Every structure is written in structure tokens, then in C-alpha cells.
There are 2 protein chains.
Amino acid sequence: MGVDCHHTESAQPGLEGAALASAVAAAETKCERTRERLTPPRRRVLELLLEADGPMKAYDLIAAYGQDGEPAKPPTVYRALEFLERLGFAHRIESLNAYVPCRMEGTSHRAAFLICECCGTAEEFEPDFAPQFAAAEAAGYAVRTVTLEARGLCPACKGGA
Amino acid sequence: MGVDCHHTESAQPGLEGAALASAVAAAETKCERTRERLTPPRRRVLELLLEADGPMKAYDLIAAYGQDGEPAKPPTVYRALEFLERLGFAHRIESLNAYVPCRMEGTSHRAAFLICECCGTAEEFEPDFAPQFAAAEAAGYAVRTVTLEARGLCPACKGGA
DNA sequence: AACCAATGCGTTATGAAATAACATAACCCG
DNA sequence: CGGGTTATGTTATTTCATAACGCATTGGTT
């Protein structure tokens, strides 16, 4: 992954069993409140994101989509991703062309990630863009969304090799 | 462009004539200092970025590459872009799949942009990530690069329609 | 000068990521 | 039930990016 240290895979454990079901249920509930529909493809893609150990590429999702091994058609997944992003259930990581489930509650139009170039994990954190944000608005900009992506090495990969 | 107001094109004027030559010369000088080589393809791509009125897509650069109208081969341009980014002469805007010349002096590993979803301009600004940066390092991360992309409407597009 | 390692380039081909366009189906609401 | 709206299925295509390989140029070394 750019810098090379050779960890097999990521440190970000995916959800399973009850935790997974509960996360999906929470999304369901939120949807109901806003009269949005968590349809089967949307639910399925959300599940895949939640189960994953790290950021998922769109074509990983496409390949993993069918429980029977049948891939999805690209638009199915891209449309679901668009929905999940719109509702704040998922984020796209631009510098990775990949997607993660949102791990911050009450998120809105901002997302920030610490991306490990060794193990590939992407940890979401609460940014506090207040200063930049204010500066932009002062300059006359109407900011709608902000994304921040910091790349480097996570504690585990920094320490080890 | 997502939000629709119908300005023909961007408000970010490209360089030409003496200003262009001088910007290229400055890059040349910087390269010499670090024993890097601003070879013809690299110089050409830098010129194209500097001349442009806004972010350039890779395939725009490919198409515009030859003075005679001959396009470049993709690797030519992608390799040049890699070089220009490495030296801080250009930035990739992830959320646009596009490239801009660096407009901040003495830049390093960080870049921040205000991207207008109407007219397509991308204004670089000085971020001051100190707080986020410090927080990340405190959490044990070794941050190498940071990019921030704020999307919204520029003053011109916000005001008009 | 002759050599050699390192870097960059040209070229062909292919891989990966995302969307256009259009037909069909399900949902909501009056 | 009728009719608008939203979502899906499907085919094809477009857009973005890199692999792989051989040749050329550079710059240092003997």
C-alpha cells in the first residue's frame, strides 16, 4: 500500500451477528423517521459495509453482493451507495475510491478520516472544522460539505514494521 | 455541476504570456535546486495546468498535450502529474478527479480547496490543520499528508443564480 | 572515452471505476 | 383504482488509471 510493511490485513473488525443486526435496525429506524426506504439492495450494501474489516471498493461490493455468489450489476450498488451517503450511513473515501459505513452518530455534511497507508484502515474522527468553515463563509462561500483525509501510519503500523 | 446555475465557465483565469513563462521558470529554478529534472513532458503538463481556467481532468490534459493537436498517451500525462504532485507544483482534487497547479508558495504535504459546485472553480487556501493534526499525532498516528475539500458555492454563484 | 546504474520516456494493451439510457416494477396517496 | 413518484433491472458505454516492456538519456566512475 505505498509504504510497505506487511501486515496481512486491517485492524478494524467488521460487525457480525447481533451487533450487525442491531446496526442495521438502527438505520432502519432512522429511515422510518424520515420516510426514507431502506430497500433490499440498500440494506444489503449497508450490511456488506458494516461486515467489512475496512474500506470496501465498489467492485468488491458488487462481487460480494449476492449471498449465492452472484455479483450485482454496477448500478445497483452505486445507487445504493448514493442513498447511503445521502442519509449519512456511509462515506466515500475519495483518495481510496472506497466506502465505509459511518461510525459517527449524528453526522452531517462533514467527514474526516485517518487513513493508514500500511494496513489500509480508515478511522473516522470528529473533525471540528469550525475555523476553516468560518473562514470560508467569511470569504463569501456557502459551504455544503467538507471532507478531510489524512494519510499516514496508524499506531500499530508505525510501531511494528 | 450538481447545483444548477448556468454560468458559462469559471472565474479563475489561467496564466499566459509573461506570467506563464515566469511561473514555469520559477518551477525550473526550484527543480534545479533539488536536482530534479523538469523534462519536456513535465514542463508541458505544468504549462497546461497553469494556462487553464480551472481544474483539468487527466484526459483533458492528454487531449491538449500536443501543440499540433496530437494527444499524448495516457502514461505520459499521468507520469508528469505524479512528478508535479511530488514536487508540490500541482495538486489532485480527489472529489473531482482533476488537477490544478499549486497556487500556494512553500507548500508541503497539505492542500485545501474550496470547490464551487456551480462554476467548477477550485480555490486553494491555507488550511491550518494544526488542531486536527495534533490530535491525530496524539492518537499515535504519523500523518504524512492531509487534504481537505470543501464543496459549495463561491461568492459569485451564490449571489447570482 | 567506455562503462554502468538509475531515471525517464514511448508504446501497446488492459484493468478499474462510474454512469447513461431506457424499460419495468413497487409505493404512496388521493 | 388511477396516476405521479421513486426505485429497480439490464445493457452498454464512458471515464479514469496503470501494467509491462524495451529504448533513450543522464550522470557518475574508472
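Bear in mind the structure is a predicted one, so any value in this text is a computation, not a measurement. Reminder, nothing fancy here: chain letters follow the sequence lines and each chain counts from 1.
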Original post:
In whole angstrom, what separates Leu81(A)'s CG from dA7(D)'s P?
Top reply: 15 Å

Original post:
Between Thr76(A) and Pro75(B), which is nearer to the 5' end of DNA chain D once each is assigned its nearest nucleotide?
Top reply: Thr76(A)

Original post:
Given dA17(D), dT11(C), dT11(D), which nucleotide is nearest the side-chain atoms of Arg92(B)?
Top reply: dA17(D)

Original post:
Yes or no on salt bridge (charged side-chain N to carboxylate O under 4.0 Å, His left out) for Glu149(A) and Arg151(A), after CA distance, side-chain angles and deciding distance?
Top reply: CA-CA 6 Å; Glu149(A) 300 179 12; Arg151(A) 308 178 61 100; 5.3 Å; no

Original post:
Do the non-hydrogen side-chain atoms of Phe83(B) and Glu36(B) ever get within less than 4.5 Å of each other?
Top reply: yes

Original post:
For dA18(C), does either OP1 or OP2 sit under 4.0 Å from a side-chain N or O belonging to Tyr78(A)?
Top reply: yes

Original post:
Can you find a heavy atom in the side chain of Leu61(A) that is under 4.5 Å from one in the side chain of Leu81(A)?
Top reply: yes

Subject >> Minimum-distance pair of heavy atoms, taken over all atoms of Pro155(A) and Ala139(B) >> reply: CG-O, 3.3 Å

Original post:
Heavy atom of residues 37-49 of chain A under 4.0 Å from DNA chain D: which residues?
Top reply: Arg37(A), Thr39(A), Pro41(A), Arg42(A)

Subject >> d(NZ, Lys57(B); P, dA18(C)) in whole Å >> reply: 11 Å

Original post:
Less than 4.0 Å between a side-chain N and a carboxylate O, is that true for Glu82(B) and Arg79(B)?
Top reply: no

Subject >> Student check: side-chain heavy atoms of Leu153(A) and Arg144(B) closer than 4.5 Å >> reply: no

**OP:** Using atom CZ of Arg35(A) as one end and atom P of dA7(D) as the other, report the distance to the nearest whole Å.
**Re:** 14 Å

Original post:
dT8(D) C1' sits how many Å from Arg79(A) CZ, rounded?
Top reply: 6 Å

Original post:
Rounding to a whole Å, what distance do you find between Lys73(B):NZ and dT18(D):P?
Top reply: 18 Å

**OP:** Please state how far atom CG in Asn97(B) lies from atom P in dT15(D), giving the value in whole angstrom units.
**Re:** 12 Å

Original post:
Where the side chain of Tyr99(B) is concerned, which of dT11(C), dA17(D), dT19(C) is the nearest nucleotide?
Top reply: dA17(D)

Original post:
Which whole-number value in Å describes the distance from Glu36(A) CD to dT5(D) C1'?
Top reply: 13 Å

Original post:
Side-chain contact, heavy-atom cut-off 4.5 Å: Leu50(B) with Glu16(B)?
Top reply: no

Original post:
Atom CE of Met56(A) and atom P of dA18(C): how far apart are they, to the nearest Å?
Top reply: 14 Å

**OP:** Please check the phosphate of dC16(D) (OP1 and OP2 only) for any side-chain N or O of Tyr59(B) closer than 4.0 Å.
**Re:** no

